[in-house]
Amino acid sequence: MSTTPEPTTATTATTATASMSTAAHPRSTPLPPPLAGLRVLDLATLFAGPLAATLLGDFGAEVIKVEHPAKPDPSRGHGPAKGGIGLWWKLLGRNKRTLTLDLSKPGGRATLLRLAATADVIVENFRPGTLEKWDLGWEELSAANPRLVLTRVTAFGQFGPYAHRPGFGTLAEAMSGFAAITGEPDAPPTLPPFGLADSVAALATAYAVMTALAARDRTGEGQVVDMAIIEPILAVLGPQATWYDQLGYVQERTGNRSANNAPRNTYRTADGSWVAVSTSAQSIAERVLRLVGRPELIDEPWFATGAGRAAHADVLDAAVGGWVATRSRAEVLAEFEKAEAAVAPIQDVRDVMTDPQYQALNTITTVPDPELGPLRMQNVLFRLSATPGAIRWTGRPHGADTDEVLTELGLTPAQVRALRAEGAV
């Protein structure tokens, strides 16, 4: 493992997570972050692979983002920008140093092998066979560093009839069955308006990397992680495969309703807002019906099970929806809280930014950025009491740390100039 100083030109954000852990467990001398000393080379683009590397960097891993000299990660230009600066990259590129390298050039290949010899993890998402075409496959990389974990994130995996197809998370959302069960019963299948499958795959990839590293601690040897974006989303869709295998049951679109419990829906308040109600537990369902003034429904035989309640969702939605419609959102939330029943407001990002629970958790934190000034973004994913993560800096400019990283690698100024002349950096 290797440690490297943080970029000298990036503003650090040491306060980004301070309130998340120190209050409960004060410590005069903070411990190093849990992944300090871990070096990760992020060769991936859009979005699962890079986000997995971000999650590792948030907890102390040294992440070096490797981009093509002329074709940066497309996330730099994805979505809204301010003054020509892509805002998504500021989030996705945080805690990463940036290096340019053309792996198809001999100098780029040689430099990557030198970097690989110092690294613990490589994350890549080229189509299967691309690294091999450049003589940078597992055989060459593991020869340079037998302890390396090569993490390969692709739409369909490294083998099979679809392996060489181009693909994105949208295709995983379609293929997995997610779109088929999302939306109203009489409306088309619905895709999420954000990178759901990519994000789920990123979480799974970070977990896979840590699992492979744990195995390396025992064996002393690295290995290949094969992550297909079409697979992790299946894990969060529940037991659909088992239901079908055992019962021939195919889940259909039910809108906001559930086939497993009711009332479960969104309801409009008197002031034009919306709230969501969930009654996955029988006791909560009973509390809701007492609150809305329909306790007699609790005595119906069908009310005793979630499936029975779901079969009578029209009756239950009318009871809850009618009660909600006569009260403001604030009144509904207050009455539900008093009744210890489960409810939440339907919030957009404006509400999220001011929500008192998110504020208490410091979920949205402010990070200084050299280009944009104070910048608000999601904080690290979870809280550790003794070794918390932190946002040390936001996404850096394309290739900002190339000279620094190559110099640390032992290259002379003349060698760096030669790589530039070749177009390798």
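Given the structure is predicted, the values throughout are model-derived calculations rather than measurements.
Between I181 and Q240 the shortest side-chain heavy-atom distance falls below 4.5 Å. Here the side chains of T269 and S328 are not in contact, with every heavy-atom distance at 4.5 Å or above.
Side chain of T98 to main chain of A400: a donor-acceptor pair is present (N/O by atom type, distance under 3.5 Å, no hydrogens or angles). Checked by atom type and distance alone, the side chain of Q282 pairs as donor or acceptor with a backbone atom of F303 at under 3.5 Å. Using modelled atom types, no side-chain atom of N265 and backbone atom of R257 make a donor-acceptor pair closer than 3.5 Å. In this structure, the side chain of K90 does not engage the main chain of R76 through any donor-acceptor pair within 3.5 Å. Here the side chain of E67 pairs a donor or acceptor atom with the backbone of D73 at under 3.5 angstrom. A donor-acceptor pair under 3.5 Å links the side-chain atoms of W393 to the main chain of K96, judged by distance alone. Between the side chain of R392 and the backbone N or O of G57 there is at least one donor-acceptor pair closer than 3.5 Å. When atom types are taken as modelled, the side chain of D58 and the backbone of G389 share no donor-acceptor pair closer than 3.5 angstrom. Under the 3.5 Å distance criterion, the side-chain polar atoms of R109 are matched with a main-chain donor or acceptor of D135. Judged by distance alone, the side chain of E173 and the main-chain N or O of F178 form no donor-acceptor pair under 3.5 Å.
At a threshold of 4.0 Å, the pair E331-R329 does not count as salt-bridged, since none of the basic side-chain nitrogens sits closer than that to a carboxylate oxygen.
With rounding to the nearest 0.5 Å, the separation of CG in L237 from CD in Q251 is 8.0 Å. Between T118 atom OG1 and E62 atom CD the span is 7.5 Å, to the nearest 0.5 Å. With rounding to the nearest 0.5 angstrom, the CG atom of L247 is 9.5 Å from the OG1 atom of T242. Interatomic distance, CG of N260 versus OG of S280, reported as 8.5 Å (0.5 Å rounding). Note that OG1 of T154 and CD1 of I229 are 7.0 Å apart. Values are rounded to the nearest 0.5 Å. Note that the NE2 atom of H398 and the NZ atom of K71 stand 11.0 Å from one another [nearest 0.5 Å].
Contact detail for A212 and V225: the closest heavy-atom pair is CB-CG2, 4.1 Å. The nearest pair of heavy atoms linking L115 to R39 is CD2-NH1, 4.1 Å. V343 and V275 make their closest contact through CG2-CB, 4.0 Å (heavy atoms, listed as atom of the first residue, atom of the second, distance).
Using cut-offs of 30° and 60° on the angle between ring planes, the pair F59 and F382 is parallel. Between F126 and W134, the ring planes lie perpendicular to each other; the angle is over 60°, past the 30° to 60° tilted range.
Looking at L92, L381, N95, I391 one by one, the single match for side-chain contact (heavy atoms from CB on, under 4.5 Å) with T54 turns out to be L92.
Here F194 and F47 keep their ring centres 6.0 angstrom or further from each other.
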